[in-house]
Engineer: 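Handing you a structure now.
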Amino acid sequence: MNMRPPAAILLLGLVVGAVFVLSDETSRVQPVPTRTTSAQTGTAAPTVPGSPTAATASADPFQTAAECQPCHQDVWAEWKPSFHGQAWTDPMVYALSKGFRMPECIDCHAPLPIHVTGVATRVAPRTHSRSDGVDCLSCHLMEDGRSVAGTRDVDTSATPGACRPKKVPAMSDATACKGCHNQHETVTELADSGIDKTCSDCHMEPVERKGAAGAVLRKGRSHVFPGGHSLQMHQRAAKLDVAVVGGEVVANVTNVGAGHKIPTDARHRSYNLWITVTDARGNPVVVDQPFPNGEMRLYYRDQFKPSTQVTYGATHTAKWPIPEGVRGKAVVRLTYALNPEELGAGKVTEVFRTEVELK
Ligand code: HEC
Ligand code: HEC
Ligand code: HEC
Ligand code: HEC
Ligand code: HEC
């Protein structure tokens, strides 16, 4: 197949998108705290911000996520192929950020530890081990460079070279995500939803862990972080109801399972409704026609269109007027697209399909 024109269109579209990701950013950029500068030297052994001198020789500050791997293999295996683990190497991010020549894209895609920059405040970029993306250190490492933020205090003194887990309340709620995920108000949407759940309840499944040191089993939380790339998550988020009312096919999409709008976060994403009608002999009469008002999305700023995202508990209704004489079997599909270019190229994920009879 000839790949060039679609690729060029994709890139052009993504660049247009980037301008708006960027314009969102410039209005929100906060000054980088000066104490982060020690980590920005970019040398082979970057110093972790904080007070590394306070650490003993056997407990030097952690420098990279790779140091967590030997003791936390299971978490590592979940995180590495996740979108956090790919935040720097993701081809779409690479294209959009012009190979990260747009410095404002580095902040959240290769950040310094949130506990160093300040939980729930805008993250700051790091200069080393960027290909690790959003890594263990980004979410866990604390100022002294050896303690890690968790949901409880754990005594690890029996394990040489271990981390020092400390209970940090923010790790149990949305504030741990806020520095990176509130650019488009996802954390605010959760607060507004009134749902009695937090981000990790839905995005970090309970799992069983073998203790870092060996055999002991304990409860843990999966680090796969499924989201918009997961069909299962979409099927959990939405419900599709279709009915023929008068001369119209009425499709209702309800947000039943996401504690924020669907879609949320990046502006590129959309849910869309489509209809296909086949007559009694099985011949197509209408093929994948979009519903008027069948798109659910946060639009780019230059589109000046009100958001059609679906709030938790709310329903988005779209109506397709049945053309004169059209009869047969109608199939209504709800799809999800990562960006408008993939939508245009038909590269969508089918979330649900429902059949109704047009009599
Ligand atoms: C030498 C081994 C070792 C290294 C290296 C290590 N840890 Fe740990 N970690 C442990 C042990 C032992 C525990 C106690 C619980 C267990 O057995 O898993 C633990 C517990 C934790 C906990 C708390 C788990 C809970 O039950 O709440 C977190 C979070 C954590 N580690 C993160 C990290 C991170 C991030 C790194 C890298 C910066 C790291 N650890 C490096 C051994 C290690
Ligand atoms: C404030 C933090 C932040 C900044 C700054 C940021 N991003 Fe992101 N980016 C995120 C988060 C969080 C996600 C995941 C949520 C989502 O995709 O909806 C994401 C996801 C993406 C995705 C989707 C990846 C995929 O595979 O679906 C692309 C592409 C992207 N970012 C590009 C960029 C570009 C280009 C820039 C710079 C102009 C940038 N980002 C700046 C936080 C940020
Ligand atoms: C995007 C942020 C993020 C990243 C990246 C991340 N973690 Fe976590 N991690 C968390 C949060 C939040 C919790 C607490 C979840 C809860 O119990 O509510 C947690 C819990 C843990 C726990 C205790 C629960 C368990 O499953 O054992 C360990 C250990 C841990 N993380 C280690 C790591 C290691 C090692 C890495 C890198 C391979 C890593 N984390 C990457 C956010 C993150
Ligand atoms: C330090 C910044 C940072 C923090 C903190 C962070 N994330 Fe992310 N997250 C990102 C970025 C950047 C991406 C997109 C990576 C990519 O696709 O390139 C992302 C991706 C995701 C995705 C996948 C989105 C998709 O559509 O597939 C989910 C889900 C997610 N994050 C949830 C969380 C939750 C829940 C927390 C809090 C426990 C959290 N994140 C903390 C930066 C962060
Ligand atoms: C009640 C469960 C629930 C809670 C709470 C929740 N999410 Fe989600 N989230 C979902 C489901 C289901 C999806 C899949 C639908 C979708 O992609 O919008 C999703 C999708 C996402 C995505 C992918 C972007 C998109 O919409 O396609 C990101 C990023 C995300 N969530 C981050 C978060 C963060 C950050 C929090 C906390 C502020 C959070 N979520 C709280 C259930 C939840």
Side-chain angles (χ1 to χ4, degrees), residues 14 17-19 21-22 24-25 28-29 62 64-65 67-72 75 83 86-87 90-98 100 102-109 111 122-123 134-137 139-141 146 148-156 158-167 171 173-174 177-184 186-191 193 195 197-203 209-214 216 218-220 225-230 232-238 255 257-269 271 309 312 336 338-339:
L14 289 175
V19 171
V21 174
L22 171 59
D24 278 349
E25 275 329 294
R28 283 161 201 250
V29 168
F62 288 109
T64 66
E67 292 168 66
C68 319
Q69 184 183 5
C71 300
H72 296 289
V75 182
F83 283 91
Q86 304 292 318
D90 186 326
M92 203 198 290
V93 177
Y94 197 80
L96 254 160
S97 63
K98 305 198 177 83
F100 282 101
M102 292 165 73
E104 63 279 11
C105 307
I106 299 168
D107 301 18
C108 305
H109 287 262
R122 172 56 190 271
V123 289
V134 179
D135 65 3
C136 322
L137 310 188
C139 294
H140 286 286
L141 196 67
R146 198 74 203 178
V148 294
T151 55
R152 57 196 186 116
D153 297 314
V154 187
D155 182 2
T156 54
T159 309
C163 59
R164 294 192 291 248
K166 291 215 163 63
K167 179 175 173 158
M171 294 303 280
D173 63 48
C177 323
K178 196 170 182 180
C180 306
H181 282 277
N182 212 31
Q183 189 182 359
H184 300 109
T186 300
V187 177
T188 310
E189 288 165 12
L190 174 67
S193 76
I195 199 171
K197 286 203 170 111
T198 191
C199 316
S200 45
D201 290 333
C202 298
H203 289 285
R209 297 266 179 242
K210 298 220 163 58
V216 199
R218 59 177 171 80
K219 290 200 173 103
F225 288 92
H229 298 81
S230 157
Q232 228 187 344
M233 290 298 278
H234 293 303
Q235 292 182 336
R236 210 178 288 177
N255 177 346
H260 41 66
K261 293 177 181 174
I262 56 167
T264 187
D265 230 322
R267 288 177 186 269
H268 314 291
R269 295 163 176 213
Y271 284 101
Q309 293 159 292
Y312 175 67
Y336 177 84
L338 286 168
N339 59 60

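All residue numbers refer to positions in the sequence shown, counting from 1. Just so you know, ligand 1 is whichever comes first in the structure, and atom 1 is the first atom listed for that ligand. Every value quoted in this text rests on a predicted model; they were computed, and no experiment measured them.
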Engineer: Looking at ligand 5, would Ile195 count as a contact under a 4.0 Å heavy-atom criterion?
Structural biologist: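 Heavy atoms of Ile195 do come under 4.0 Å of ligand 5.
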Engineer: Look at the rings of Phe83 and His229 and say which category their plane angle falls in: under 30° parallel, 30 to 60° tilted, over 60° perpendicular.
Structural biologist: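 Phe83 vs His229 ring planes: parallel.
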Engineer: Partners of Asp201 by salt bridge (charged side-chain N to carboxylate O under 4.0 Å, His left out), sequence neighbours excluded?
Structural biologist: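 Salt bridge (charged side-chain N to carboxylate O under 4.0 Å, His left out) check on Asp201 returns Arg221.
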Engineer: Number the atoms of ligand 1 from 1 as they appear, then name those within less than 4.0 Å of a heavy atom of Cys136, with their elements.
Structural biologist: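 Counting from 1, the qualifying ligand atoms are 35 (C).
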Engineer: Quick one: does Tyr336 get a heavy atom under 4.0 Å from ligand 5?
Structural biologist: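 The answer is yes: ligand 5 sits under 4.0 Å from a heavy atom of Tyr336.
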Engineer: So, His203 and atom 8 (Fe) of ligand 5: N/O/S under 2.8 Å, yes or no?
Structural biologist: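 Yes, His203 qualifies, because one of its backbone or side-chain N, O or S atoms lies under 2.8 Å.
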Engineer: For Glu104, counting its heavy atoms only, list the atoms of ligand 2 lying under 4.0 Å from any of them.
Structural biologist: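 Ligand 2 atoms under the 4.0 Å threshold to Glu104: 5 (C).
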Engineer: Any idea which part of His181 is under 4.0 Å from ligand 5, heavy-atom wise: side chain, backbone, both or neither?
Structural biologist: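 Within the 4.0 Å criterion, His181 contacts ligand 5 through side-chain atoms alone.
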Engineer: Under 3.5 Å, N or O to N or O, is Leu96 touching ligand 2 that way?
Structural biologist: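 In fact, backbone or side chain, Leu96 has no N or O that close.
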Engineer: Who passes side-chain hydrogen bond (donor to acceptor under 3.5 Å, both in side chains) against Asp155, sequence neighbours left out?
Structural biologist: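 Applying side-chain hydrogen bond (donor to acceptor under 3.5 Å, both in side chains) to Asp155 gives Ser157.
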Engineer: Tell me the nearest of Glu67, Gln69, Arg152 to atom 25 (C) of ligand 1, using heavy-atom distances.
Structural biologist: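 It is Arg152 whose heavy atom sits nearest to atom 25 (C) of ligand 1.
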Engineer: Does ligand 5 have a heavy atom under 4.0 Å from the side chain of Tyr271, from its backbone, from both, or from neither?
Structural biologist: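 The answer is the side chain of Tyr271.
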Engineer: In terms of residue, atom name and distance, what is the protein heavy atom nearest to atom 41 (C) of ligand 5?
Structural biologist: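 In this structure, atom 41 (C) of ligand 5 has His260 CD2, 3.4 Å as its nearest protein heavy atom.
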Engineer: Taking 4.0 angstrom as the limit and counting only heavy atoms of Leu137, give me the atoms of ligand 1 inside it, by number and element.
Structural biologist: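 Heavy-atom distances to Leu137 below 4.0 Å select 38 (C).
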Engineer: When you measure from the heavy atoms of Arg122 to every atom of ligand 2, does any distance fall below 4.0 Å?
Structural biologist: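 Yes.
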Engineer: So, Cys71 and atom 8 (Fe) of ligand 1: N/O/S under 2.8 Å, yes or no?
Structural biologist: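 No, outside the cut-off.
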Engineer: Arg269: heavy atom below 4.0 Å from ligand 2, yes or no?
Structural biologist: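 Under 4.0 Å: yes for Arg269.
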Engineer: Kindly confirm whether atom 8 (Fe) of ligand 1 is within less than 2.8 Å of some N/O/S atom in Cys68?
Structural biologist: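 So Cys68 does not count as coordinating atom 8 (Fe) of ligand 1.
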